[in-house]
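Written below as structure tokens is the structure these notes are about.
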Amino acid sequence: MPKTTSSVANSPNANRPLDSLYARIYARVRRIPPGRVSTYGHIARLVGGCSARQVGYAMAALPEGSRVPWQRVINAKGEISRRRHGNGTDNQRAQLLAEGIHFDFKGRIDLRRYGWLSH
DNA sequence: CCTGTGACGTCCC
DNA sequence: TGGGACGCCACAG
């Protein structure tokens, strides 16, 4: 067994997905219903043992066409977080609009209205 | 091993 | 209300 921690997909726990941290993050994200959103930090606290940044990494690591509703995870300010590489933000906004989520004039989502928190 | 980076969050002014 | 500084930490090279 190699000492170094490899990537998620190649991790030694790959055949035990529910034991991997990323899988627990994904499981939590899957529970956000359509038309609602949660935040990176909130998911991190619910899962436990990880930071908001890691949740962002987990979302970035999702393969294209994943069943995980990553578009429902936004930042604590109610904004769609900007990718450094690529333009996935437009896609995310379009998907959320399609779910009936309203963006204010500054492009933000009202978490008091759409936030799926404490779940 | 060391360093830079990033789909974040909290504080402070 | 807004923007910058800083903390954070897994990953990749």
Side-chain angles (χ1 to χ4, degrees):
Chain A
M1 189 66 83
K3 151 184 101 66
T4 55
T5 306
S6 49
S7 70
V8 175
N10 299 329
S11 81
N13 291 332
N15 52 356
R16 291 189 307 160
L18 293 180
D19 287 342
S20 105
L21 178 59
Y22 277 24
R24 278 183 294 161
I25 291 172
Y26 298 149
R28 182 63 64 170
V29 172
R30 276 198 294 273
R31 300 182 59 182
I32 308 171
R36 306 299 296 275
V37 293
S38 189
T39 69
Y40 299 98
H42 199 77
I43 297 294
R45 273 186 307 154
L46 290 175
V47 169
C50 71
S51 64
R53 265 198 194 285
Q54 275 179 275
V55 175
Y57 263 108
M59 295 304 101
L62 283 170
E64 185 113 9
S66 166
R67 190 164 68 69
V68 178
W70 53 268
Q71 73 274 18
R72 296 176 194 145
V73 185
I74 62 177
N75 67 34
K77 293 178 287 191
E79 304 169 325
I80 290 175
S81 290
R82 292 298 191 81
R83 280 68 169 162
R84 289 304 180 185
H85 301 300
N87 267 17
T89 59
D90 292 340
N91 179 29
Q92 183 169 7
R93 181 185 170 93
Q95 293 204 48
L96 292 178
L97 282 172
E99 294 186 1
I101 290 176
H102 176 74
F103 287 77
D104 68 15
F105 71 107
K106 285 180 180 170
R108 292 184 303 208
I109 295 169
D110 185 356
L111 287 172
R112 294 172 307 177
R113 181 174 175 188
Y114 298 104
W116 184 250
L117 308 178
S118 303
H119 292 280

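Letters A, B, ... mirror the listed sequences (proteins, then strands); counts begin at 1.
B:dG9 atom C1' lies 14 Å from atom NE2 of A:H42, rounded to whole Å. Rounded to whole Å, the distance from OH on A:Y40 to C1' on B:dG6 is 11 Å. When the P atom of C:dA10 is taken as reference, atom CE of A:M59 falls 17 Å away, rounded to whole Å. Distance A:I25 CD1 to B:dA7 P: 15 Å, rounded to the nearest Å. Look at CG on A:L21: it is 9 Å from P on C:dA10, rounded to the nearest Å. Rounded to an integer number of Å, the gap from OH of A:Y57 to P of C:dC8 is 17 Å. In this entry the distance linking CD1 of A:I43 with P of B:dA7 reads 18 Å, nearest Å.
Between the A:Y26 side chain and the A:A58 main chain, a donor and an acceptor come within less than 3.5 Å of each other.
Note: A:H119 and A:W116 have parallel aromatic rings, judged against thresholds of 30 and 60 degrees for the angle between ring planes.
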Distances under 3.5 Å only, N/O to N/O: pair up the protein atoms with those of nucleotides 5-7 of chain C.
none

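Annotation: proximity of residues 66-84 of chain A to DNA chain B (heavy atom, distance under 4.0 Å) is found for A:W70, A:N75, A:A76, A:S81, A:R82, A:R83, A:R84, numbered in ascending order. For the contact set between residues 103-119 of chain A and DNA chain C, defined by any heavy atom under 4.0 Å, the members are A:K106, A:R108.
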